[in-house]
Amino acid sequence: MNLDFRNVAKTFPSFRGAVPAVRDANFSVGDGELFILLGPSGCGKSTILNLAVGLERPTSGEIRFDGEIVASRERGIFVPPGKRNVAMVFQGYALYPHLNVRENIAFPLRVAGEAREEIDRSVARTASMLGIEELLRSRPSELSGGQRQRVAIARALVRKPRLFLLDEPLSNLDAALRAATRAELRRLQRALGVTTLYVTHDQTEAMTLGDRIALLRDGRILQTGTPRDLYEKPETPFAASFIGPYPMNLLKAVLEEEGGVRFVRLGAERLPLPPDRVPGERRPGSRNVLFGIRPEHVRAVPESPEPAPRGIVTAVEHLGRETVVTADIGGASLLAVAGEGTWKEGDIARLEIPMEFSHVFPEGDDPS
Amino acid sequence: MNGEGRTRLPYLAAAAAMTAYCIGPIVFMALTAVSRRPDFLSPGAGLEFTAAHFLEVLRTKSLHFLEYFRNSLVVSAVSAALSVSVAAPAAYAITRLEVPGRTAVLFSALAVSMFPQVSLVGYLFRLMTSLGWINTYAALVLPYTAWILPLSLWILTSYFSSVPRDLDRAALIDGCGPLEALRKVIVPVAAPGIFSTALLAFIFAFNELLFALMLTTDHHARTIPVGVALFEGLHGEIPWGAVMAAATLSTAPVVALTLLFQRRIIQGLTRGAVKE
Amino acid sequence: MGGDRTIRETLRGWAFLAPLAVFILGFVFVPVAGTFIDSLHREVTFLPRAFIGLGNYRSLSSDPWFWQSLRFTVLFVLVSVPLELVLGMAFALLLHRPSRARGALRACVLLPWAVPAAVSGRVFELVCNFQYGPANYIAERLGLTVGPVNWLGSAWGAFFALVAGDTWKTAPFVAVLFLAGLSAIPGDLYRQAAVDRAGPLQRFTRITLPLLRPVVVVALLFRTIDALRVFDLVFVLTRGGPGGSTTSLSLYGYDAFAGGDVGYGSAVSVVLFLVAFALSAAYVRIGRFGRGLS
């Protein structure tokens, strides 16, 4: 199924006036796609989920399922959640505590009034798909977190929903279980081919799971794209710092030009900028920029043949596989993950910056 | 920090005194009911057991004790059931539906529970008389239900708001309408709370005196508290043994409920009064 | 479920509230309004109903029995409510202490609350009985009195019998409320206070009482209103006697109704209603009720 959000906005009334939770959201999720809504808490991602499922009504704009409007205030259309054939896995799982696992999974089918044999068959099929056949007689309170999670997924998938929604489904699991469940969710979603909307604040989850990601901040979608797009071509300093194993280094810098070549001055060095890295002329005449480079691309080396800024090492963190070196270059600090040699505080390092991986943002877009 | 040992003896003494104070009058009532003479505590008298008082109360047709008892059970049970089933949808609307005016409803209910009963009873008497309902169950059940509703509403609202919102969202997504979500999810999940509420409602109705006094006239609808309050001897002298036997019998159901469901009752009482 | 609700949803919400509203309007608000209206009428059995304005209230103001019942009611509130709160607090502190018998103790303390006031009234009536009542033996044994005393035959004796009966029945309710408040106080605070070398008394006045304040206000409100409208116990235990000295406002109103003067009884009820209302409003202001709500 295709899910479309067109100019959707949602404001909540409050004592201090209307609070916009979602502003002008536009995106579409293709059939069978796993689409991630990523952002910090309070960015509006859960509201978008609630709008899609029908727990909230849009203040303006329209939401379509396969081209058919399911919610539009302008047209006075609103299909309630129970009639949308959507399924949702809640952060706290929301299993019905008074029903055993079998009845929890069967619940949506019973409400729909399906025949008894049909229900038994569907429950058995879904339970075996998730490997929870032995749990069917247990109460939710007797289950571990991981088992509850599976039951919640089973209850959601049992009636073959058109749209599958997950709200931070992994956040209550411990780290090891989270990685395993992530892989399994991915496999299940692929196998069933169900269109999926997935909310998370964890960029690792988003990067590993998502077909595409919408990055949100303050109720606005900042950027939509594949994980790779978001990693390689962040359009804003916020995207650059939010996505990736480490926040991108963002340094105030001045753009200089000499003989048709542009340079970025970092410390004592002038680093030439490849032509494709020059930002669009969004602010003509502005020469103050934010220069971005990912820590995983910066190499701290004792000596370098290249023009590489010098820095004083201010912190060294050994993470096992890699070492994170923080260096001070002319008052700004730069993280370097790649590199060689052993470092201690106070050492002088050369920091090699591969300019083909650099990013330049117009200054003023504060990443924080 | 180790004051436990030193304070143990005073604690035990105080606890014993408290227990004696609380159950003393109840024990005294029960003993008088089975004692041949009511002054069994006086010097020189002694406790001589007899079942005569109980038999008198139960067997004397003109006392109508069993009828009062039945009336009380029916009226209290129906009022409790009715008030809980009326309060439950209202508590659902208040905790889940964001209805305009819900806070006003909650606070008018609180205000209602502050009204003196006597300020209703005169009008109720005229109303029931004009309807021809005086001395019927309806004359008691309807005012009782209204009278217990504020309490039921507050306790249920508190219980319902402790049921996670995601549960009824899940139910809505799974295809339930609001009424179905209430019936299939919230009510079963909050069942212990609903039970506590019904229990309290029952006890309140069972113990009510003023309405019953005004709105009933004889054994067709008169309840136990009225029966006990108006129990007088036929020959001037109050038959204390029989009065206490009647009192013991009428207290038995509420005492049994209290002992059985002590925790639920305490929970319900504090839910109604102390909003967290 | 957020804003943007439709008229239909609002109507549905109101439909859920409608049965409650019907009951409370029909059997509480309408009767109260009816009582207000009746109080402005001559509404006496066998006489035609007639509007007499404030006539009933004028009669009230010059009725010594009315003033007597108002005096008694206020005195009853002033004496019994503080006693109940103090006793309830003592019970709550005892019940709060960890003990193997805690469950049994709580059940015992709850029992008086569950006993119908009509029953406890009869029991206290016997306890205070001139001929048979143990109050006399006990008082004599303790050397407080010489010879049998007719407690219910004297105004003060009857008053204290009522206070004793009411305290017995309601201190447990207060204790249950306070107990809930006590359980909500984090134990760490007491541990910290012990580290700071606060004695038991200081711990009680510096930690327990201030943190219990909201619960105390709730209990005070409930108890004051209940004592103000006391009816059952007075009706059963003293029937307002001796000589009308313990007639509460509720009982005075009831007596008027029972005597066939609905108009006069309504006027008494309206006065009681207004006093209760004013007091609740005052408490709500002081205690800032329902802060946690909405």
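Within every chain, numbering begins at 1; the chains are lettered A, B, ... in the order of the sequence lines, protein sequences first and strands thereafter.
For B:F115, the parts sitting under 4.5 Å from any heavy atom of chain C are the backbone and the side chain alike. With a 4.5 angstrom heavy-atom cutoff, B:V255 touches chain C via backbone and side-chain atoms both. The contact between B:R126 and chain C is made entirely by side chain atoms (from C-beta outward), counting heavy-atom distances below 4.5 Å. For a residue to count as touching a neighbouring chain, one of its non-hydrogen atoms must lie under 4.5 Å from one of that chain's; by this rule B:L142 touches chain C with backbone and side chain alike. Contacts of B:L182 with chain C are made by side-chain atoms alone, with heavy-atom separations under 4.5 Å and no backbone atom involved. For a residue to count as touching a neighbouring chain, one of its non-hydrogen atoms must lie under 4.5 Å from one of that chain's; by this rule C:D38 touches chain B with the side chain only. With a 4.5 angstrom heavy-atom cutoff, B:V228 touches chain C via backbone and side-chain atoms both. At a 4.5 Å heavy-atom cutoff, the contact between B:T32 and chain C is made by side-chain atoms alone.
Looking at C:S248, its side chain does come within 3.5 Å of a backbone N or O of C:V230 through a donor-acceptor pair. Distance alone, capped at 3.5 Å, places no donor-acceptor pair between the B:S72 side chain and the B:F69 backbone. Panel note: side chain C:S250, backbone C:F231; no donor-acceptor pair is recorded below 3.5 Å.
No other option in B:I23, B:L149, B:T19 has as many heavy-atom pairs under 4.5 Å with chain C as B:L149.
Checked against the 6.0 Å centroid threshold, C:F235 and C:Y254 count as a close aromatic pair.
Ring pair C:F273/C:F36 is perpendicular by interplanar angle, where above 60° counts as perpendicular and below 30° as parallel.
Applying the side-chain contact (heavy atoms from CB on, under 4.5 Å) rule to C:D255 yields the partners C:L251; only residues at least two apart in sequence or on another chain are considered.
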